[in-house]
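Please read all numbers here as calculations on a predicted model, not as lab measurements.
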Amino acid sequence: MNFEELKDFLDEKADIYNSSEFIQDDPIQIPHRFSLKQDIEIAGFLAATISWGNRKAIIKSAEKMLDIMGNSPYDFIKNFSEKDLKLLEGKSIHRTFNGEDFSYFIRQFNRIYAENESLENLFIIKDSETNFYHAIERFRSKFLNIEKHRSHKHVSSPYKNSSSKRIIMFLRWMVRNDQRGVDFGIWKNIDTKHLSIPLDVHTGNISRKLGLISRTQNDWKTVVELDEIIRKFDAKDPAKYDFALFGLGVTKELF
């Protein structure tokens, strides 16, 4: 396919999969259970953080966290007791994300929301920046304590060449606002043009199959490589093509 044919193909696929039906089997259904901005942010960040492996298992694990928080994430974050966190010791949450990690995240959320109305404040893009490379690191430095903790591995670092897939996915959820009922668009101070494709095994393989990228690793350098071509298709809303690549991965249409 030439450039125009590939663009038309991906536009068509993005349109098909960017629908409310997409929510049913995806971790994004977790924050969709809430209407309060802070609830959406907390539930979304937690669901994104554990988004690796089987999607049904991810949703089940996220529901476990919601249950622990009384299905009121923001209220729990503000008012938890040490006894509440004590109950998380030794608890299994999702694969390598355990009760200790969950407890750590709760404490960090408590501190962040004491100083900020929204997590958006921690991801603001500076004028000279074109993507979230530096913004994610600024978020990490504010969200994570300087002292080393096992939970730091669950918030990936593009400075260490990670694709930061789960954070990039969370950012898509919060920033995109196309009235299609999937992404929330509750962050008004960040432009969609800065978003990237959440890069994992599936989107990476599809992108290579289509000739969008040449690098074999799914790392930050490949995120940038994919950015370059995707933003030629749509400079204002490049992340919409996540739906196309994901949908093609699910249907295995190209294999």
Check against side-chain hydrogen bond (donor to acceptor under 3.5 Å, both in side chains), Asn218 and Arg208: CA-CA 11 Å; Asn218 294 319; Arg208 292 181 189 93; 2.8 Å; yes
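- No more than 12 heavy atoms of other residues, nucleotides or ligands sit less than 6.0 Å from atom CG of Asp127.
- With a 6.0 Å radius and a threshold of 12 heavy atoms from other residues, nucleotides or ligands, Glu129 has its CD atom above the threshold.
- Using a 4.0 Å cut-off between charged nitrogen and carboxylate oxygen, Lys7 and Glu12 do not count as a salt-bridge pair.
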Audit row: Asp227, Ser196, side-chain hydrogen bond (donor to acceptor under 3.5 Å, both in side chains) steps and yes/no: CA-CA 6 Å; Asp227 273 351; Ser196 299; 3.0 Å; yes
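- Using a 3.5 Å distance cut-off with no hydrogens or angles, the side chains of Ser81 and Asp84 do pair a donor with an acceptor.
- When the side-chain contact (heavy atoms from CB on, under 4.5 Å) test is applied to Lys60, no partner is found at least two apart in sequence or on another chain.
- Atoms OG1 and CG, on Thr222 and Leu212 in that order, are 12.5 Å from each other to the nearest 0.5 Å.
- The shortest side-chain heavy-atom distance between Glu100 and Leu88 does not fall under the 4.5 Å cut-off.
- The main-chain N or O of Lys188 is found under 3.5 Å from a side-chain atom of Glu120 such that the two form a donor-acceptor pair.
- In this structure, the side-chain contact (heavy atoms from CB on, under 4.5 Å) partners of Asp200, at least two apart in sequence or on a different chain, are Lys165, His202, Thr203.
- Applying the salt bridge (charged side-chain N to carboxylate O under 4.0 Å, His left out) test to every pair with at least one member in residues 213-224, sequence neighbours left out, gives these pairs: Arg215-Asp219.
- For Trp173, the ring-ring contact (aromatic ring centres under 6.0 Å, His included) criterion is met by no residue, not counting sequence neighbours.
- Side chain of His94 to backbone of Trp52: a donor-acceptor contact under 3.5 angstrom is found.
- Defined by atom type and a distance below 3.5 Å, a donor-acceptor pair is present between the side-chain atoms of Asn177 and Gln179.
- Distance alone, capped at 3.5 Å, is enough to place a donor-acceptor pair between the Ser61 side chain and the Ile93 backbone.
- Ile112 and Lys142 make their closest contact through CD1-O, 3.5 Å (heavy atoms, listed as atom of the first residue, atom of the second, distance).
- Closest heavy-atom contact between Met69 and Leu46: CE-CD1, 3.6 Å.
- Listed by first and then second residue, the ring-ring contact (aromatic ring centres under 6.0 Å, His included) pairs that reach into residues 62-84 are Tyr74-Tyr113, sequence neighbours excluded.
- Using modelled atom types and a 3.5 Å distance limit, the side chains of Asn116 and Arg111 yield no donor-acceptor pair.
- If you look at Trp187 and Phe123, their ring centroids are closer than 6.0 Å.
- With sequence neighbours excluded, the residues forming a side chain to side chain donor-acceptor pair (under 3.5 Å) with Lys13 are Glu253, listed by chain and number.
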Let me check something: any side-chain donor-acceptor pairs from residues 237-249 under 3.5 Å, sequence neighbours excluded? List them with distances.
| residue | atom | partner | partner atom | Å |
| --- | --- | --- | --- | --- |
| Asp237 | OD1 | Arg176 | NE | 2.9 |
| Asp237 | OD2 | Arg176 | NE | 3.4 |
| Asp237 | OD2 | Arg176 | NH2 | 2.8 |
| Lys240 | NZ | Asp234 | OD2 | 2.9 |
| Tyr241 | OH | Asp11 | OD1 | 2.6 |
| Asp242 | OD2 | Arg172 | NH1 | 2.6 |

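- The local environment of NZ in Lys193 is sparse, with at most 12 non-hydrogen atoms from other residues, nucleotides or ligands closer than 6.0 Å.
- In terms of heavy-atom proximity, Ile58 sits nearest to Ala47 at CG2-O, 4.1 Å.
- The main-chain N or O of Gly99 is never found under 3.5 Å from a side-chain atom of Glu89 such that the two would form a donor-acceptor pair.
- In summary, the side chains of Glu41 and Ser118 do present a donor paired with an acceptor at a separation below 3.5 Å, with no hydrogens or angles considered.
- At a threshold of 4.5 Å between non-hydrogen side-chain atoms, the residues Leu195 and Phe132 count as touching.
- Side-chain atoms of Gln108 never come within 3.5 Å of backbone atoms of Leu144 as a donor-acceptor pair (strictly under, hydrogens ignored).
- Counting only heavy atoms from C-beta outward, the side chains of Arg33 and Glu63 approach each other to under 4.5 Å.
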side-chain hydrogen bond (donor to acceptor under 3.5 Å, both in side chains) between Ser214 and Glu225, worked out: CA-CA 8 Å; Ser214 58; Glu225 183 185 13; 2.8 Å; yes
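- Taking Lys232 as the reference, Phe3, Ile229 meet the side-chain contact (heavy atoms from CB on, under 4.5 Å) condition, with sequence neighbours excluded.
- Counting only heavy atoms from C-beta outward, the side chains of Ser157 and Ser162 never approach each other to under 4.5 Å.
- Remark: Glu115 engages no residue in a salt bridge (charged side-chain N to carboxylate O under 4.0 Å, His left out) (not counting sequence neighbours).
- Judged purely by atom type and a 3.5 angstrom limit, Asn110 has no side-chain atom pairing as donor or acceptor with the backbone of Ile106.
- Inter-residue side-chain proximity for Ile28 and Asp183 is flagged as met; some heavy-atom pair is nearer than 4.5 Å.
- Not a single donor-acceptor pair under 3.5 Å links the side chain of Arg180 to the backbone N or O of Ser19.
- Under a cut-off of 6.0 angstrom, the local environment of NZ in Lys56 is sparse, with at most 12 non-hydrogen atoms contributed by other residues, nucleotides or ligands.
- Arg138 and Ile124 get closest at one heavy-atom pair: NH2-O, 3.0 Å.
- In this structure, the side-chain contact (heavy atoms from CB on, under 4.5 Å) partners of Ser151, at least two apart in sequence or on a different chain, are Asp101, Tyr104, Phe105, His149.
- Arg166 is not listed as a side-chain neighbour of Pro198, based on a closest heavy-atom distance of 4.5 Å or more.
- Legend: residues meeting ring-ring contact (aromatic ring centres under 6.0 Å, His included) with Phe184, ordered by chain and number and at least two apart, are His32.
- Evaluation of the ring-ring contact (aromatic ring centres under 6.0 Å, His included) rule for His194 yields no partner, not counting sequence neighbours.
- Using cut-offs of 30° and 60° for the angle between ring planes, the Phe170 and Phe45 rings count as perpendicular.
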